[in-house]
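Each chain gets a letter, A, B and so on, in the order the sequences are listed, and its residues count up from 1.
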Amino acid sequence: MTDLNQYNFAYLDEQTKRMIRRALLKALAIPGYQVPFASREMPMPYGWGTGGVQVSAACLTPEDRFKVIDQGADDTTNAVSIRKFFERTAGVETTERTAEATVIQTRHRIPEEPLGEGQILVYQVPIPEPLRFLEPRETETRKMHALEEYGLMHVKLYEDIARHGKIATSYAYPVKVQGRYVMDPSPIPKFDNPKMEMAAIQLFGAGREQRIYAVPPYTSVVSLDFEDHPFEASKVDQPCALCGAGDTYLDEVIMDDEGGRMFVCSDTDYCATRRAEGHLGALGVPAEDSAA
Amino acid sequence: MYVAVKGGERAIDNAHSWLAEERRGDTAIAELSVGQIREQLALAVNRVMAEGSLYDPDLAALAIKQARGDLIEAIFLIRAYRTTLPRIGHSRPLGTGAMACDRRISATFKDAPGGQVLGPTFDYTHRLLEFRLAADGAVPPTAEAEPQQGPVPHITGFLNRDGLIEEETASDEPPRDLTREPLEFPASRALRLQALARGDEGFVLSMAYSTQRGYGRNHPFVGELRVGQVAVEMDIPELGFAVEIGEITLTECETVNQFKGSKTEPPQFTRGYGLTLGHTERKAISMALVDRALRWKELGEDNVGAPAQDEEFVLSHADNIQATGFLEHIKLPHYVDFQSELELVRKLRAEAGQAGEART
Amino acid sequence: MDTQSLTGGFADAPVEAARAFRAALQAMARPGRIEAIAGATPPAPLSPAAGTLLLTLADAETPVHLAPSHDRPALRDWLTFHTGAPLVGPGEAVFAVGAWAALQPLDAYRIGVPDYPDRSATLIVEMEGLSALRARLTGPGIKDVAALSLPDIAAFQRNALLFPLGLDFYFTAGDRLAALPRTTKVEAD
């Protein structure tokens, strides 16, 4: 394996970090607006979190405690890979505990535990443009944002209602930030959308598409909807089979060939913490015993 | 009872060591050296240098070895390495007129000053497997001639004298740098050429081919194709003059394209341009055709809606490292989003079922 | 160029710049919050906070404007040596630094364009001191209300009306810094 010690602190060279840092500051000043940045090739493929990794690299200090989740879990392979990358290149301490982390890089989830003022949540974003699947041209979507012309998006959502009786977008559900820019919240389930009004700083990095955007703390983030069809943060109507939580986002786990299945928290740290505190679901065992 | 699966870290480590074993293959067979790859798989090395945007045959050969011959993976390794290198300075513009040509052909003239030089090409080989190579790769010596002295003029220069081809005006404006600033549309021609030069050979080839088949046809002739060595010079401020820091092999293609004239321009020939690192002539010719197709606006031509005329389409999809990353990322877990889709489909089906029952 | 311009930079750039940026990020994300920022020791009259911020963010790709209050040869040399940033007039500047009065008029700076509102200048306003007084701040990044000793009220109200275009501000004094993005609503307290 390559010795990453020959690289700069947090891998990126200083000039690249300055470029990303300038983009981050403008992103915070214009919430929800996508700032173009000259994304670099990273030693992991585009589409695997290069945007999030560049944002994290530009933000990390040696004093940070870094947490990485993918699908809400700390132990998914890509989360493990990114965590290892920063352990080696930035020498930062890492943690799986949401409450102890100062910087959290995520793919597809917002942790269940409310984040606080000392925390930064970095999202990995595949397609940052919420209008992209309605209009493939960057020159056009840029104009639409400039003119605050979001009619196309409302038409799309309304067509869903006409066809299905409800809005058929279940993840990457578009939001309007501080009453101005329509923004893609990254492919989080719409269950997570209401959490985006939080005390922590939210930074979004799309490496391949060369865009950075941000939501400052305590900023209004409204999921698009209609008066007669209000937004609904839906989830499976079940408690977690392991910890019994009734208000968390659940993964469906197939148990056997007979169609047996169970629902468990997608946020692995939240679930383990609850079990350690003595909460038990229908199929759960105390946290100590399940350490494998 | 249910215990969540752990051990992502161990799985990754084991996968890496298995990969290393597969890369080596049967240990009873001698290991490939980087030098062997550099010398004997030179065209693979050239492609990796061209699309990796880094001229270093040894590193490209190493990348090919590490990537088990997967050239896109090798290009990725080179790109990831390249982006960490500090920018010490910029070379002076290269003068391809002073190229020491190994190969130089023109399809538009039977002969021209400087002559036609066929060079090392597959063009007129019969594509028959040479079973002899399986046993013995020894080659008989090639006839040698005295190298040509002095610069070899560009063929399009002869047309230029008569005003029959559009004038390329020289500019001292530093070109923008695709690797240091985000791509922005509309892009200048210099930026488009940069993107094409490091674009995927297969993609650029197919785009070029589509113009030949009528999707934005632009009637290209290969005015000149040349392959050879060019000196790279850098200004050293402390010395007050430029010094040669090395020599690189380049492939350059200039096409001469028919042009019937427009409201603003008289009928004359126009140009497409391709320039690539190493000996990569399929790529250079493809690049010239696509360059010409993308110039419809500045030449006052019609946009016929052909894919090769569409700057956003071509430039956004030419990079194979971006493309392969995003394509392959769908292998990553997506179960959270899939779960929300499952719920939605179940809900929609349940509601459709209720509506159906209500009707009956 | 005298030797003063060669000193006063970061001793360990990657780490000091990372810490300084975190302070700048927190300040911009939470308007009015006063953060400590240190690392550089620039020549007078530039404050250590403003000097550190410039070393963290400016380089050859970001033209910098030195307002008359700060346009001194020693400072020009220092900034050029440590960042390579071209020194320019207000109209081309990505960053501008100086005392509030010297930075005027604000309409000389770039406020971005509708397609690219990010292409706007960031002004670094050198202050005598910073405190949670005088102006009442509300908007993104602020839980209920914040306060900051701004050098003006009306100018920032006019700037906020330009949103999504507009200027963004850092205020520096000694080793302290605070920020005011274009989104913040400013009222006299």
> What are the two closest heavy atoms between C:Phe163 and A:Ala29, and how far apart are they?
Replying inline: CE1-O, 4.1 Å
> Contact part of C:Phe169 toward chain A, heavy-atom cut-off under 4.5 Å: side chain, backbone, both or neither?
Replying inline: neither
>> Does atom NZ (A:Lys156) have a neighbourhood of more than 12 heavy atoms from anything else shown, all under 6.0 Å?
In response: yes
>> Using a 4.5 angstrom heavy-atom cutoff, name the option from A:Ala199, A:Pro217, A:Ala146 with the most pairs to chain C.
In response: A:Pro217
All N/O donor-acceptor pairs, side-chain side in residues 33-49 of chain C, below 3.5 Å, sequence neighbours left out:
unit_1  : atom_1 : unit_2   : atom_2 : d
C:Arg33 : NH2    : A:Glu117 : OE1    : 2.6
C:Ser47 : OG     : C:Ala50  : N      : 3.0
C:Ser47 : OG     : C:Glu126 : OE1    : 2.6

> If you count heavy-atom pairs under 4.5 Å between each of A:Ile30, A:Thr219, A:Val177, A:Asp13 and chain C, which one has the most?
Replying inline: A:Ile30
>> Measuring only between side-chain heavy atoms, which start at C-beta, is C:Phe21 closer than 4.5 Å to A:Ile20?
In response: no
>> With a 4.5 angstrom heavy-atom cut-off, is it the side chain or the backbone of C:Ala58 that approaches chain A, or both, or neither?
In response: backbone
> Under 4.5 Å between any side-chain heavy atoms of A:Pro36 and C:Asp118, yes or no?
Replying inline: yes
>> Out of A:Leu147, A:Leu203, A:Ile120, return the one with the most heavy atom pairs under 4.5 angstrom to chain C.
In response: A:Ile120
>> Less than 4.5 Å apart, side chain to side chain, heavy atoms only: is that true for C:Arg30 and A:Pro216?
In response: no
> Any side-chain heavy atom of A:Arg180 within less than 4.5 Å of one from C:Pro164?
Replying inline: yes
> Just by modelled atom types, is the C:Ser120 backbone N or O under 3.5 Å from a matching donor or acceptor in the A:Lys26 side chain?
Replying inline: yes
>> If you define the side chain from C-beta out and look only at heavy atoms, does anything of A:Tyr218 sit under 4.5 Å from C:Asp144?
In response: no
> Which bit of A:Val103 is near chain C, if near means a heavy-atom gap under 4.5 Å: side chain, backbone, both or neither?
Replying inline: side chain
>> Given heavy-atom pairs under 4.5 angstrom as the criterion, report whether the side chain, backbone, both or neither of C:Leu55 touches chain A.
In response: backbone
> Which bit of C:Tyr116 is near chain A, if near means a heavy-atom gap under 4.5 Å: side chain, backbone, both or neither?
Replying inline: both
>> Does atom CZ (A:Arg65) have a neighbourhood of more than 12 heavy atoms from anything else shown, all under 6.0 Å?
In response: yes
> Which pairs pass salt bridge (charged side-chain N to carboxylate O under 4.0 Å, His left out) with one or both residues in residues 92-107 of chain C, sequence neighbours excluded?
Replying inline: none
>> Closer than 4.0 angstrom, basic N to acidic O: yes or no for C:Asp59 and A:Arg18?
In response: yes
> When heavy-atom pairs shorter than 4.5 Å are enumerated against chain A, which of C:Val94, C:Thr184, C:Leu165, C:Asp115 gives the highest number?
Replying inline: C:Asp115
> So, C:Arg22 and A:Asp64, do they make that salt bridge, N to O below 4.0 Å?
Replying inline: yes
> Is chain C contacted by the side chain of A:Ala57, its backbone, both, or neither, given a heavy-atom distance below 4.5 Å?
Replying inline: neither
>> If I compare all heavy atoms of C:Ala13 with all of A:Glu14, which pair ends up nearest, and what's the gap?
In response: O-OE1, 4.0 Å
> Hey, which of A:Lys17, A:Lys143, A:Gln15, A:His145 has the most heavy atom pairs under 4.5 Å with chain C?
Replying inline: A:Gln15
> Considering only heavy atoms, which portion of A:Ala58 lies under 4.5 Å from any heavy atom of chain C: side chain, backbone, both, or neither?
Replying inline: backbone
>> Please rank C:Gly141, C:Pro181, C:Ala179 by heavy-atom pairs under 4.5 Å with chain A and give me the top one.
In response: C:Gly141
> Does the side chain of A:Leu28 reach to within under 4.5 Å of the side chain of C:Leu25, using non-hydrogen atoms?
Replying inline: yes
> Any side-chain heavy-atom pair from C:Asp168 and A:Leu25 closer than 4.5 angstrom?
Replying inline: no
> Does the side chain of A:Ile201 reach to within under 4.5 Å of the side chain of C:Gln26, using non-hydrogen atoms?
Replying inline: yes
>> I'd like to know if the side chain of A:Arg22 reaches the main chain of C:Leu57, judged simply by a donor and an acceptor atom lying under 3.5 Å from each other, with no hydrogens or angles considered.
In response: yes
> Would one find more than 12 heavy atoms of other residues, nucleotides or ligands at under 6.0 Å from atom CZ of C:Arg136?
Replying inline: no
> If you look at every heavy atom in C:Arg19 and A:Pro62, which pair is closest and at what distance?
Replying inline: NH2-CG, 4.0 Å
